[in-house]
Colleague: 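Have a look at this one before I ask anything.
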Amino acid sequence: QVQLVESGGGLVQPGGSLRLSCAASGSVFAIVLMGWYRQAPGKQRELVAAITSGGDTNYADSVKGRFTISRDNAKNTVYLQMNSLKPEDTAVYYCNAVVLTTQTYWGQGTQVTGSS
């Protein structure tokens, strides 16, 4: 079992920055991939960024050059640094972890609102 707790969401003006954190606990040794997804009202959940246990990263085209995913293995924490936020980035952001057995775990979600 893996537990994920997100933090760092909030209201930010367009062009501003925000950093999300996701702390993992439990069977963290089995995690092979962690990522951030988001779901806006009326839309499907979509991948924002992902990072492997080896540090390889992948980003959605819509956030490339603006968002950065990183991980601190000592703290079992993954971060999403979001810069140049746009109103269309408004969504609930979810942390995701995939373990060796391919089972997937989700955090509870954190709201990010880009609005003036």
Colleague: Could you walk me through whether Thr102 and Val32 pass side chain to side chain contact (heavy atoms under 4.5 Å, CB included), step by step?
Modeller: CA-CA 9 Å; Thr102 72; Val32 294; over 6 Å; no
Colleague: Given side chains that start at C-beta, do those of Val99 and Val2 come closer than 4.5 Å, heavy atoms only?
Modeller: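 They are in side-chain contact.
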Colleague: How long is the span from the CZ atom in Phe67 to the CG atom in Leu18, to the nearest 0.5 Å?
Modeller: 9.0 Å
Colleague: When the side chains of residues 73-81 are checked against the rest of the protein, which donor-acceptor pairs come out under 3.5 Å, sequence neighbours left out?
Modeller:
residue	atom	partner	partner atom	Å
Asn73	OD1	Arg71	NE	3.0
Thr77	OG1	Lys75	O	2.9
Gln81	NE2	Asn83	OD1	2.9

Colleague: Can you pull the salt bridge (charged side-chain N to carboxylate O under 4.0 Å, His left out) pairs that have at least one residue in residues 95-116, sequence neighbours excluded?
Modeller: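 Of all non-adjacent pairs touching residues 95-116, none passes salt bridge (charged side-chain N to carboxylate O under 4.0 Å, His left out).
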Colleague: Please round to the nearest 0.5 Å and tell me the distance separating atom OH of Tyr93 and atom CD of Gln39.
Modeller: 12.0 Å
Colleague: Which residues pass the salt bridge (Lys or Arg N to Asp or Glu O under 4.0 Å) test with Arg19, sequence neighbours left out?
Modeller: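 Listed in chain order: nothing, the list is empty.
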Colleague: Any disulfide (SG to SG under 2.5 Å) involving residues 13-116? Give me the pairs, sequence neighbours left out, ordered by first then second residue.
Modeller: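 Matches after skipping sequence neighbours: Cys22-Cys95.
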Colleague: With the side chain counted from C-beta on, respond yes when Gln103 and Val98 share a heavy-atom pair under 4.5 Å apart, and no when they do not.
Modeller: no
Colleague: Kindly indicate whether the side chain of Leu4, heavy atoms from C-beta on, has any atom under 4.5 Å from the side chain of Met34.
Modeller: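 The answer is yes; the side chains approach within 4.5 Å.
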Colleague: Between Thr52 (side chain only) and Gly55 (backbone N and O only), is there a donor and an acceptor less than 3.5 Å apart?
Modeller: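 Side chain of Thr52 to backbone of Gly55, a donor-acceptor pair under 3.5 Å: yes, one is there.
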Colleague: Roughly how far, to the nearest 0.5 Å, is CD1 of Ile31 from CG of Asn96?
Modeller: 9.5 Å
Colleague: Does any pair with a residue in residues 19-43 pass ring pair (Phe, Tyr, Trp, His ring centres under 6.0 Å), and if so which ones, sequence neighbours excluded?
Modeller: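 Pairs touching residues 19-43 that pass the test: Tyr37-Trp106.
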Colleague: Mind checking what makes side chain to side chain contact (heavy atoms under 4.5 Å, CB included) contact with Pro14, not counting sequence neighbours?
Modeller: Pro87, Ser116
Colleague: Applying the 4.5 Å side-chain criterion to the ILVMFWY set and letting contacts propagate, would Val28 and Ile69 be lumped into a single cluster?
Modeller: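 Yes, because Val28 and Ile69 connect within a single hydrophobic cluster, where side-chain heavy atoms sit under 4.5 Å apart.
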Colleague: Going by the disulfide (SG to SG under 2.5 Å) test, which pairs reach into residues 41-80, not counting sequence neighbours?
Modeller: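 Those involving residues 41-80 do not exist here.
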Colleague: Would you list the pairs meeting salt bridge (charged side-chain N to carboxylate O under 4.0 Å, His left out) in which at least one residue belongs to residues 41-57, sequence neighbours left out?
Modeller: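 Those involving residues 41-57 are Arg38-Glu46.
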Colleague: Would you give the length of the straight line joining atom CG of Leu33 to atom OG of Ser53, rounded to the nearest 0.5 angstrom?
Modeller: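 Separation between the atoms: 8.5 Å.
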Colleague: Going by the ring pair (Phe, Tyr, Trp, His ring centres under 6.0 Å) test, which pairs reach into residues 5-26, not counting sequence neighbours?
Modeller: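 Sorted pair list comes back empty.
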Colleague: Just to verify, which of Leu47, Thr68, Ile51 counts as forming a side chain to side chain contact (heavy atoms under 4.5 Å, CB included) with Tyr59?
Modeller: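 Going through the options one by one, the only one that passes is Thr68.
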Colleague: Determine which pairs satisfy salt bridge (charged side-chain N to carboxylate O under 4.0 Å, His left out) with at least one residue from residues 93-104, sequence neighbours left out, and list them in order.
Modeller: none
Colleague: The criterion is side chain to side chain contact (heavy atoms under 4.5 Å, CB included); which residues satisfy it with Glu88, sequence neighbours excluded?
Modeller: Lys86
Colleague: Can you check side chain to side chain contact (heavy atoms under 4.5 Å, CB included) on Ser17 and Val12, steps first, answer last?
Modeller: CA-CA 7 Å; Ser17 298; Val12 61; over 6 Å; no
Colleague: Tabulate below the donor-acceptor pairs under 3.5 Å that side-chain atoms of residues 107-114 make, not counting sequence neighbours, or state none.
Modeller:
residue	atom	partner	partner atom	Å
Gln108	NE2	Glu6	O	3.4
Gln108	NE2	Glu6	OE1	3.4
Thr110	OG1	Gly9	N	3.3
Gln111	NE2	Ala91	O	3.4
Gln111	NE2	Thr113	OG1	3.3

